[in-house]
Amino acid sequence: MYRFFNTILLMILSGGCISFIVNEIRFNILDEESYFLIIVPIILLIIIYLHGKQIFEYDSEGEAIHFRNRNIIPFLNKPQSDEFPKYKLVKFDVFSVLFFKRLYITISSKNSGTTTLKYEISYLTRKEVNDLKTSLSKIIRANKEKRHQE
């Protein structure tokens, strides 16, 4: 649903910019109103930027966990990619306010003790978030059992 919404926003942004340029260069029909063709799409672009990265990928197959978080508009944000062994996962937390959701992952580190990684998961459905929580909980439970056995 959110990806569809963002695709429409991008089409409005590009259509507005093209219409503004064509109007200014060729037709000049809209006079002062032509600036709305550029202002409204820029406001929509700001909303997309504030809402966070749209693509979140998670892979826990094998001995490592891999997280990828990137934007559908490449120039807005730098892609984030992290990979670490499962045994380093200490805890996780999903922070949700209105339409914004963030995933905080705490991993153990040799130098500083623990490190917290942040991922934007606003565009995941409730089922996808629950599946992610279940998967991470299983890994944490397995890590606690291994530590308890040692």
Review point. How would you list, by chain and number, every residue that makes a side chain to side chain contact (heavy atoms under 4.5 Å, CB included) with Lys91, sequence neighbours excluded?
Key: Thr106
Study note, to complete from the structure: Correct closest heavy-atom pair for Thr115 and Ser109 would be OG1-CB, 3.6 Å
**Study point:** Partner set under side-chain hydrogen bond (donor to acceptor under 3.5 Å, both in side chains) for Glu61, not counting sequence neighbours
**Key:** none
Exercise for review: Under the ring-ring contact (aromatic ring centres under 6.0 Å, His included) rule, collect the residues that match up with Phe92, sequence neighbours excluded.
Suggested key: none
Exercise for review: With rounding to the nearest 0.5 Å, note down the distance linking CG in Leu117 to CG in Asp82.
Suggested key: 5.0 Å
Check your understanding: Going from CG on Leu132 to OH on Tyr119, what distance comes out if it is rounded to the nearest 0.5 angstrom?
Key -> 10.5 Å
Practice item. Taking salt bridge (Lys or Arg N to Asp or Glu O under 4.0 Å) as the test, write out the residues that go with Asp93, two or more places apart. Key: none
Review point. Would you say Ser137's side chain and Lys133's backbone share a donor-acceptor pair under 3.5 angstrom?
Key: yes
Practice item. Could you pull out the closest heavy-atom pair between Ile121 and Val129, with the gap in Å? Key: CD1-CG2, 4.3 Å
Point to revise | Whether Ser122 side chain and Lys101 backbone form a donor-acceptor pair below 3.5 Å | key: yes
Review point. Under the 3.5 angstrom rule, does the side chain of Gln80 hit a backbone N or O of Lys118 as a donor-acceptor pair?
Key: yes
Check your understanding: What residues form a side-chain hydrogen bond (donor to acceptor under 3.5 Å, both in side chains) with Asp59, not counting sequence neighbours?
Key -> none
Study note, to complete from the structure: Sequence neighbours excluded, the answer for ring-ring contact (aromatic ring centres under 6.0 Å, His included) partners of Tyr87 is none
Exercise for review: Indicate the ring-plane relationship of Phe95 and Tyr104, choosing parallel, tilted or perpendicular according to the 30° and 60° boundaries.
Suggested key: perpendicular
**Study point:** Residues in side chain to side chain contact (heavy atoms under 4.5 Å, CB included) contact with Lys86, at least two apart in sequence or another chain
**Key:** Ser60, Ile65, Ile139
Revision key, fill the gap. For Arg68, the side-chain hydrogen bond (donor to acceptor under 3.5 Å, both in side chains) test, sequence neighbours excluded, returns Glu57, His66
Exercise for review: With sequence neighbours left out, write down each residue that passes side chain to side chain contact (heavy atoms under 4.5 Å, CB included) with Arg126, or none if nothing qualifies.
Suggested key: Asn130
